[in-house]
There are 2 protein chains.
Amino acid sequence: MSTDDPLKLENFLCFAIHSTAHAIQRANKPLLDQLGLTYPQYLVMVVLWAEDDQTVSAIGDRLFLESSTLTPLLKRLQAAGLIERARDAEDERQVRIRLTEQGRALHNKARTLPGWFEHTFCDQSQEAKDLHEAVVRLRNKLTAKSRGD
Amino acid sequence: MSTDDPLKLENFLCFAIHSTAHAIQRANKPLLDQLGLTYPQYLVMVVLWAEDDQTVSAIGDRLFLESSTLTPLLKRLQAAGLIERARDAEDERQVRIRLTEQGRALHNKARTLPGWFEHTFCDQSQEAKDLHEAVVRLRNKLTAKSRGD
DNA sequence: CTATATTGTATCGCACGCGATTAAATCGTT
DNA sequence: AACGATTTAATCGCGTGCGATACAATATAG
């Protein structure tokens with residue numbers, strides 16, 4: 001029949017990455033449940049733990065997300081008491097996102113997650129490093145094209 | 001400050017894959033718009049082009065998706081006239097998904113997409129192959145763990 | 001042959017994710 | 001100072017994605 005068809009799922013690099021991303025979310029979920037965070041919420045917290053007091057668009061630049069995604073997500077983090085949202089006094093267009101005491105406190109509980117993930121699924125660190133670099137190279141190509149290169 | 005913090009986004013393999021998956025969807029979107037399909041809808045069609053007349057759960061197994069995701073998606077494909085949904089006469093629990101004439105006709109228009117993607121973003125085929133294999137290996141580890149290994 | 005367990009879809013509620021649009025604040029030019 | 005252009009968030013509508021649950025059909029047990 002069509003077994004020679006190039007249009008086969010197993011041949012799609014894009015599907016491999018797509019499905020692996022979902023598998024990662026599923027694998028991380030039990031850990032994140034303990035923190036009371038979803039995976040995208042966790043990523044926002046990681047950005048803020050690295051550098052507090054950022055604007056919505058700065059967070060979006062780091063996570064490749066739009067304001068239409070971030071605004072509702074940030075409101076949920078605010079409702080959970082982990083961050084504060086406040087208009088910048090200098091430039092009232094911007095909204096500055098700051099960690100609350102509770103948000104900072106979560107940092108310690110969250111430290112173990114990346115280590116757990118890599119230890120559990122990426123034993124051979126060299127392969128993981130190569131994979132990481134190759135994925136980032138691909139992402140750079142993709143974002144470069146879409147930005148009109 | 002916390003520049004030595006291991007909890008840095010750039011060090012997360014999982015974030016690299018996550019964000020690259022989104023970048024892929026964005027890159028593919030213009031092509032998919034021409035087909036009138038979203039990316040997940042396209043994946044379902046690929047599965048059906050490879051083998052017509054499959055159950056919902058069989059499609060889910062191939063794409064790593066649940067019925068709660070597939071049922072509404074399949075209804076949209078049905079509304080678009082690309083597939084038919086019909087209870088199996090032998091086992092009325094199952095719903096068999098079959099391509100319509102129009103759904104089969106879309107196959108030809110869709111053939112160019114994977115080639116375009118790989119040609120545009122994965123010039124060095126060896127690197128792409130290595131990346132593909134490494135990603136699939138990681139996904140296998142992830143799904144194996146979650147299935148109680 | 002009936003009671004119970006299992007299976008296959010569907011439904012519901014919630015949380016992304018984005019394109020398109022809106023609204024307010026700021027910037028630039030005159 | 002005043003007007004139009006740009007920037008920044010927020011809003012809206014739509015389509016995933018999943019866990020929990022519901023329900024009907026089938027399989028199994030007794």
Side-chain angles (χ1 to χ4, degrees), chain A residues 15 18-30 32-33 35-45 54-61 63-80 83 85-97 142-143 146, chain B residues 15 18-30 32-33 35-45 54-61 63-80 82-83 85-97 143 146:
Chain A
F15 173 67
H18 176 81
S19 54
T20 303
H22 287 305
I24 288 172
Q25 289 217 33
R26 250 169 268 150
N28 278 330
K29 187 161 190 309
L32 291 171
D33 282 346
L35 301 178
L37 295 173
T38 66
Y39 184 65
Q41 288 169 5
Y42 171 74
L43 293 177
V44 169
M45 295 301 288
Q54 298 196 55
T55 65
V56 173
S57 53
I59 296 172
D61 286 345
L63 298 180
F64 303 92
L65 293 175
E66 307 295 319
S67 75
S68 46
T69 301
L70 280 174
T71 298
L73 189 157
L74 291 169
K75 285 184 176 179
R76 282 178 215 109
L77 289 178
Q78 183 183 29
I83 64 166
R85 297 163 61 246
R87 291 277 167 188
D88 189 318
E90 306 287 313
D91 183 345
E92 296 234 334
R93 288 173 303 185
Q94 299 183 131
V95 170
R96 304 209 69 90
I97 307 299
L142 289 162
T143 54
S146 72
Chain B
F15 173 67
H18 175 81
S19 54
T20 302
H22 287 305
I24 288 172
Q25 290 218 33
R26 250 168 268 151
N28 278 329
K29 188 160 190 308
L32 291 171
D33 283 346
L35 302 178
L37 295 173
T38 66
Y39 185 65
Q41 287 169 5
Y42 171 74
L43 293 177
V44 169
M45 294 301 288
Q54 298 197 54
T55 66
V56 173
S57 52
I59 297 172
D61 286 345
L63 298 180
F64 305 92
L65 293 175
E66 308 295 319
S67 75
S68 46
T69 301
L70 279 174
T71 298
L73 189 158
L74 292 169
K75 285 185 175 178
R76 283 180 212 109
L77 288 178
Q78 183 182 29
L82 298 174
I83 64 166
R85 297 163 61 245
R87 291 276 166 189
D88 189 318
E90 305 286 313
D91 182 345
E92 296 234 334
R93 290 172 301 184
Q94 300 184 133
V95 170
R96 304 209 70 90
I97 308 299
T143 53
S146 73

In whole angstroms, the gap separating C1' of dG19(C) from CG of L65(A) amounts to 14 Å
I'd like to check L35(A) versus M45(A) (side-chain heavy atoms, cut-off strictly below 4.5 Å). Are they in contact?
no
Minimal heavy-atom distance between R26(A) and F64(B), with the atoms involved, is NH2-O, 3.4 Å
In whole angstroms, the gap separating C1' of dC18(D) from OH of Y39(A) amounts to 17 Å
**Message:** Would you say that Q25(A) contacts K29(A) through its side chain, given a criterion of any heavy-atom pair below 4.5 Å between the two side chains?
**Reply:** no
*Between I59(B) and L65(B), is any pair of side-chain heavy atoms under 4.5 Å apart?*
no
Here the distance between atom C1' of dT11(C) and atom CD of E66(B), to the nearest Å, is 14 Å
Can I get a per-line list of side-chain donor-acceptor pairs under 3.5 Å for residues 66-79 of chain B, giving both atom names and the distance, sequence neighbours left out?
| residue | atom | partner | partner atom | Å |
| --- | --- | --- | --- | --- |
| T71(B) | OG1 | S67(B) | O | 3.0 |
| Q78(B) | OE1 | R85(B) | NH1 | 3.1 |

Sequence neighbours excluded, the answer for side chain to side chain contact (heavy atoms under 4.5 Å, CB included) partners of T20(A) is I24(A), I17(B), V135(B), L138(B), R139(B), L142(B)
In whole angstroms, the gap separating P of dT6(C) from CD of E92(B) amounts to 23 Å
Residue pair E90(A)/T69(A) against DNA chain C: nearer the 5' end by closest nucleotide is T69(A)
Here the distance between atom P of dG17(C) and atom CZ of R76(A), to the nearest Å, is 10 Å
K29(A) has its side chain closest, among dG17(D), dG19(D), dT16(D), to dG19(D)
Considering only heavy side-chain atoms of R26(A), the closest of dC18(C), dC18(D), dG17(D) is dC18(D)
Taking C-beta and beyond as the side chain, do Y42(B) and F15(A) meet within less than 4.5 Å on heavy atoms? no
If we ignore hydrogens and angles and just use 3.5 Å, is the side chain of R87(A) paired with the main-chain N or O of E92(A) as donor and acceptor? yes
Side-chain contact check for P40(A): nearest option of dT26(D), dC16(C), dG19(C) is dC16(C)
Which of dT26(D), dC18(C), dC18(D) is nearest the side chain of H22(B)? It is dC18(C)
Atom CG of L32(A) and atom P of dG19(D) are separated, to the nearest Å, by 13 Å
Show each protein N/O and nucleotides 7-10 of chain D N/O combination with a separation under 3.5 Å, one pair to a line.
| residue | atom | partner | partner atom | Å |
| --- | --- | --- | --- | --- |
| dT7(D) | O2 | R93(A) | NH1 | 3.3 |
| dA9(D) | OP1 | V56(A) | N | 3.3 |
| dA9(D) | OP2 | S57(A) | N | 3.0 |
| dA9(D) | OP2 | S57(A) | OG | 3.0 |
| dA10(D) | OP1 | R85(A) | NH2 | 2.7 |
| dA10(D) | OP2 | T71(A) | OG1 | 2.8 |
| dA10(D) | N7 | S67(A) | OG | 2.9 |

D33(A) CG to dC18(D) P, in whole Å, measures 14 Å
Give every pair of a protein N or O atom and an N or O atom of nucleotides 1-4 of chain C that lie under 3.5 Å apart, one pair per line with the distance.
none

Applying side chain to side chain contact (heavy atoms under 4.5 Å, CB included) to A58(A) and not counting sequence neighbours gives Q54(A), T55(A)
note: Q25(A), atom CD; dC14(C), atom P; distance rounded to Å ~ 19 Å
